[in-house]
Structure formats: C-alpha cells, structure tokens
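Only heavy atoms go into these numbers, but all of them, side chains included; no hydrogens, no water, no symmetry mates.
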Amino acid sequence: MKKSVFIGALTVASLTAGIAAAGTLDDVKARGKLNCGVSTGLVGFASPDANGKWEGYDVAICRAVAAAVLGDNTAVEFVPLSSKTRFTALASGEVDVLARNTTWTLSRDVDLKFDFVGVNYYDGQGFLIPKSMGVTSAKELDGATVCIQSGTTTELNLADYFRVNGISYEPVPVEGNSEAQKLYLAGACDTLTTDGSALAATRAAFEKPDDHIVLPEIISKEPLGPLVRHGDNEWGDIVRWTLNALISAEEYDITSANIEELSKGTNNPEINRILGTEGNMGEMLGLDADWAKRAIMSGGNFGEIFEANIGEKTPIGLSRGLNALWTEGGLIYSPPFR
Amino acid sequence: MTMINDQSYVRTEMLGEKSPPVSNVGIIGWMKNNLFSSPLNIVLSLLSIFAIYSVLAALLPWVFGGVWYASSLTECRAILFEIHGEATKRACWGVIRERFWQLMYGFYPSDLYWRPNLALVWLFAAIAPVLFNGLPKKMLLVSVAFPFVAPWLIWGGSFWVPVMAFMGFVVGFLVHRITSKTISSLVGIILGVLAALLWWLLLSGPIAEMMESIVPLEITKVGSRQIGGFMLAILLGITGITLSFPIGIVLALGRLSNLVIVKALCVGFIEFIRGVPLITLLFVASVLLNYFLPKGTQFDIILRVMIMITFFAAAYMAEVIRGGLAALPKGQYEAADALGLDYWQAQRLIILPQALKISIPGIVSNFIGLFKDTTLVSIIALSDPLGWVKLIQGNAEWNGVIWELYGFVAFVFFLFCFGMSRYSMYLERKLQTGH
C-alpha cells in the first residue's frame, strides 16, 4: 500500500509539475490557500495557541496577504520551518511567502535568489547578561563564553564584533532559543546573544527578569522581513504592497475600528486609493479594489499588529524604537499609493 | 553383646515444621542477605539508599505538588508563590493539561480524532494474529485490510483510492498466476509486478475518480501538515517497523543469495544506507529532493520521511536477520534440501522461523531504536512531540517551560518502549522450544 501511495504521489507530482509553471498568484487562488513559512515557535512572532490557531507578528503578515488575495485571513497553511529548511522550502515552492524573522542580506537576496519585499521589523543583535556580572558594556566581555544559535547571521556578527574590538570570546553553539535559554540560566555561558526582540522575549520568561539586563550595544543590523522567490514579480508586488498598505494605514490612521467608516469615502485621496474607493490600485496588482481594506481588517494596521503581538502591553514588551513610523522618528516608511 | 542404646525416651512422632528464623525470611531476611551481608555492602547500601532518597525527595514533591490549573507560566508561578512562598520548585503541569491534545495529535482536527484512534485499534486487531496463538483464521482479513484502510482513515479522501490500490495487488497476482503457469515462474513474477505498476500508475486514478462520481464515499481530507505530536511519531514508527521487517528479510536473504546481481544490489543498499546517518537521509528527504524534483512538485513531506526511515530501518533489520540466519547450523539447510524443499519452501518452513526466533531481541531493540529515532524529524521542522515542545515554548504564555514538556514527552516514550520490550520478552518465552 505504501508503495502505491508512493507511486500515486509520483503521478500527482508529475501532474502538478505542469501546472506549477503558472504564476504564484494563480497557484494560490487555485489552491484556495496561502502556504506561508513561519518559525517553529518564536515568542511573539509565530506560535500556535491552545486551540491550534497560529498567532504572532510574522503570522499577521501571512494572514494579511491571505486576506488580500483570497479574501479570508484563515485561508493560510502555516508551514513551520527551521533556520536550515526555510530557504529550500521557499525555493522549491513548498511555501509561497516566507515570513520567518529572516534577515535581509545581500547574499540571500542575490545568491539564494529571493526577493525581500520589505522590512517588518528592524532588529539588531544584543547581549543578555546577569546583572550580578557587573558588566555594563559589551566591550568588557573579553574572554566571555557566549551562547549563540548556530546557522544564523548572529554567529557571523559576533565574530566580526569581537574581532573589530580586539577581544576574545568562547562560543557555545546551541540549536534553538529554548536551548539557549536553558544553557544561559544554568550558567553554561556568561552571556546570551541573539536578536534584540528574542532577547526581550527570553528575558520576559525568566522567573526573575530583573536579575538580567540587555547590554546597550547593538552590534548588527537585522532588518527582518517577508520574502518571496525571484522571478515572479507580480507575486512579489502583491506581498510588498500588502505590507505597505498596513504601514500606510497606520500613517493615515486607518484602524480596524474606523476602516468601515473610512471606506465609505473620505476627503483624503490617499486613503481613498488605499481603500479602493478611488483609482484602480487593486486592478493593477491583479486583485480586486477591496484588497487592502481586507488586509488591514485582518489584524489591524501595522501599529495595531505590533501592539497586539510584541508591543509594550504584551509580556515581551518591545517599544517601537526603530520600528516607529518615519513621522515618529522610526524607520518604517511606505512609498505612496499612487 | 551389650545394648549400647538404652535411651529412656524415644520420640515417636515428627515435630511440626517451624517457620524459619525471622532473620532469614521476609523483608528482613531479604535485606540481610542482599543489602547488609557484609560491611562493604552495608556501606554501599546506605549510600545508595541515601542517593535514592535525595533524588526522590526532590523529584516527588516537584511532580506531585505541581500546579495543574494555570493557563500561563506567570500565573503558575504566582500560584506557587502564594502557596509555598519563595524558592520552592514545583512543576507547572498546566501546560500539559492545556496542550495535551496538541502533543498527542498535532493540528489534527479534534472532531476527527476518532479516525486515527480507530486506525490504531485496527492496528492491534491486525497484528493480533501475529502476536497471539489460537485466534480464528478470519482475523487475517482484518490484517490484510489494515494497510489500505489505515491511510484512508488518517488522511481521508475517497474510499475508492484504497480499494483501487488493493486491486493493484489483485491484478498483479492474477497476471502472475496465469503467466507463471503458462510461461515460467520468473517471467510470472516480473509480469505480475509490471501489471500491478501499470495499474497503479495509469488506471487506478481514473477508475477511482469514476467510481467516486458514481458512488461517492468520501470522508474529510486531512493534510500531512496537520499530523503531528505523538500521532506522527507512532505513524512513522509503525510504518517503519512494519515495512522494514519484510524488506529487511528480503535484503538479508538477498545478501546471502548465490545470484550475483541480487547479492550485489542488496550489499550495496545495506552498506550505503548503514554508512549514512539517519539525519542525513532526512535532510535529503526534506531539502535535497526538492532540488531534484520539478519545481512546484507537491511530494508529501511525511511520505518522503516515511520512505527514508523505512530504508534506514530495513538496512539495519537486514543485518540483524542475517545474524539469525548465520547462527543456524548448516545441518538445518541441508535437512531442508534433503527433504526436497525448494528455496522458498525451505526458507519459509525451516530456516526463517528459527532464524527470526533467534533474532527477536535484536529485532525488537531495532524497533525501539527506530521509534525513538522518529524524534529526529523535528530537526527538519516536522512537528513531532519535540517539534511541538518548541512550538509551545514559542507561545508567550509558556515560554520558559522546559522540564515539564520534555519530561512528559520522555514519560510517554518510555511507556511505549517499555511496552515493546516487555512484549518481546513474552514472545521469546512463548517461542522457547529449546530443552
């Protein structure tokens, strides 16, 4: 029987191989579901709740895209991917979008042949240390043992930073965040380094968070964003402008509370263009006029998504910082809807 | 002659049996003989008792004093603080209570849990004739139906697909019967396999679709990504175990065969698979195959992993069984020849029953190893129990829960593996024919 399933699968495989040549948008529409690659559990960014419903900051992007394309923000098949399997899953077409706190780098963009459609979180690598160590700057970490996740950009950043500052360290490679947490708490390493957002989440889960501090130095730029495959620009545009719609929505104060009101038409042409009452933005993207409205209604605008998943009222308690709108001193900026 | 014996008293009846001294029987006697029989033993025993006591004194309150009703780690810690004050370590079992079904079934829809459950019950019914003597022969029908019904129950879809898959075997068998009688048995085998393959590749799909349109018998489909938790581990374990066993036998026989090509193929397969770590094969299944297959190919990830695990287990199984075959005295082979049995008859009636019996401990420890190896799939991001541990830790409510989750997973694995090893001991005793 297994053999027959195998052969059956091969036949199906050869049949679907012919169809896959069409654009991703058509594939997604035909399937009726968006395949979205997410993290295998990262606090605040992607994890299933007690009812098996995925939630998180990255998950919200997937849901917004599904709402824009399919009109249903639950029509998403979430595919948990590890840091090692994420790129092949995207390259092979197993997922349509990868929203898995992935740093935008030149080699990933160019060599691995992906398109980063934007940045949804500006992160940076930091250090978490026990207060009792009495260290106030990363430059004082000479000779420290450092817990670090293998196979990520943080590993390379760490090497660069210590080399530039002419100090030495001893790496303790770990596989995932919870292992890192365990080793750090057990005292196997003096300091834990990873993206600032993850450090905040880790610290929040400690029994006594106040005994630990995040050092002020941010040693790297980690712009995290959703990405798609090279070569299907129509699909890339849809994901990019869905993200931009969420950002613009925050800029123009379109919230999930007032969106119905605003979509009846306003005096602001930009809002009208976003919500589809003016112009033909949706048509240009190959979608209908309401696409952005649905994307925003799926989980609120950029700011609402941030506050609901990782903002200051959540256990993770991240402040907006760099991730505030450009009008409020941050880096979040959307090109105009015109 | 003088009487030496002039005793005035002779006992005429036997004394009643007296119970042995207290210091030799019962718990005291046992302790005296086993724990405190010499000064060295006394010291060692006391040390061991102290060690066991200190472990249990820390563990038991942690396990049994844990908090079951809390919906987040923070809440659990608050409850513990209220009851016990600072610095008391107790388990937060709330995470297990809240996530139990996810750890068991993954994302499988909860209203369909009866389907994998039924498949599991069916499995026990299916292996019952193999495990226990004296069951009616008709039970074998249940066993034959199992490999077709179980995947249908788990993945759902049209009932005609498993029916058509089964028909493939019927077609192959019929072709084999006809051609092997008219031409030769080797040609019969080849033609039979070809006919079955043709059936599966070309005919079974359309016919299943046609039958479905005439008599729709479809149950809700469940995608492979929905399958997770212990259900995935058991699924991978059972497929690996049941498929690797026959494949392993064939490989072992092939390795000992006189046919050069068959032997070379079997040796090559076994040595290649055994020379590569399982995790490499899993990465091939999850990552490398994606590059080779045409873009957009949807070749089910669980199926890929099942195939790799089966290959891996089969190679090891073959070597265990080869050990059993090698342990049989040459006389058994010669006796089979002397009786005029052909190769397959000799294997089936004389060689394999004895060789397999010898190999039982090896086979079972292979099975247990395989079952535990299924946790490696969490590295390629399949959500097996360990994958789910990560997913649960990724939730803000339970971020930081470590011991409870891993402890629970370890406990369930222990139950399964202990059960298997107990069964293998029963089987060895049952098949004991030596004198």
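Between chain B and the residues A/Gly41, A/Gly56, A/Ala204, A/Ser47, the largest count of heavy-atom pairs under 4.5 Å involves A/Ser47. Contacts with chain A were tallied for B/Glu397, B/Arg99, B/Gln226; B/Arg99 has the most, counting heavy-atom pairs under 4.5 Å.
Partner of B/Ser286 under the side chain to side chain contact (heavy atoms under 4.5 Å, CB included) criterion, out of A/Thr85, A/Leu81, A/Thr88: A/Thr85 alone.
Within the 4.5 angstrom heavy-atom criterion, only side-chain atoms of B/Ile402, from C-beta onward, approach chain A. For chain B, no part of A/Asn309 is nearby; none of its heavy atoms comes within less than 4.5 Å. When heavy atoms are compared at a cutoff of 4.5 Å, A/Pro48 approaches chain B by way of both its backbone and its side chain. Only the side chain of B/Gln102 comes within less than 4.5 Å of a heavy atom of chain A; its backbone N, CA, C and O stay farther away. At a 4.5 Å heavy-atom cutoff, the contact between A/Phe206 and chain B is made by backbone atoms alone. For a residue to count as touching a neighbouring chain, one of its non-hydrogen atoms must lie under 4.5 Å from one of that chain's; by this rule A/Lys33 does not touch chain B. When heavy atoms are compared at a cutoff of 4.5 Å, B/Trp388 approaches chain A solely by way of its side chain, counted from C-beta outward. Looking at A/Thr314, neither its backbone nor its side chain comes within 4.5 Å of chain B, counting heavy atoms on both sides. Of the two parts of A/Glu179, only the side chain, counted from C-beta on, holds a non-hydrogen atom closer than 4.5 Å to a non-hydrogen atom of chain B. Heavy atoms of B/Tyr108 lying under 4.5 Å from chain A are absent altogether. For chain A, the nearby part of B/Ile379 is the backbone; its heavy atoms alone come within less than 4.5 Å.
Closest of all the heavy-atom pairs between A/Pro315 and B/Ala396 is CG-CB, 4.1 Å. Nearest heavy atom pair, residue A/Ala205 against residue B/Arg77, reads O-NH1, 3.0 Å. Pairing each heavy atom of A/Pro80 with each of B/Ala381, the nearest pair is O-CB, 3.3 Å.
Heavy-atom neighbours of B/Phe146 CZ from other residues, nucleotides or ligands within 6.0 Å: above the threshold of 12. Under a cut-off of 6.0 angstrom, the local environment of CH2 in B/Trp403 is sparse, with at most 12 non-hydrogen atoms contributed by other residues, nucleotides or ligands. Within 6.0 Å of atom OH in B/Tyr113, more than 12 heavy atoms from other residues, nucleotides or ligands are found, so the atom counts as buried in its surroundings.
Identified by a heavy-atom distance below 4.5 Å to chain B, the contributing residues of residues 181-188 of chain A are A/Gln181, A/Lys182, in residue-number order.
With a 4.5 Å cut-off on side-chain heavy atoms, A/Trp54 and B/Leu391 count as touching. For the pair B/Ile380/A/Lys84, no side-chain contact is recorded, criterion being any heavy-atom separation below 4.5 Å from C-beta on. The side-chain heavy atoms of A/Asp49 and B/Asn395, taken from C-beta on, include a pair separated by under 4.5 Å.
For the pair B/Asn399 (side chain) and A/Ala201 (backbone), a donor-acceptor distance under 3.5 Å is present.
Atom CD of residue A/Glu77 and atom CZ of residue B/Arg225 lie 8.0 Å apart, to the nearest 0.5 angstrom.
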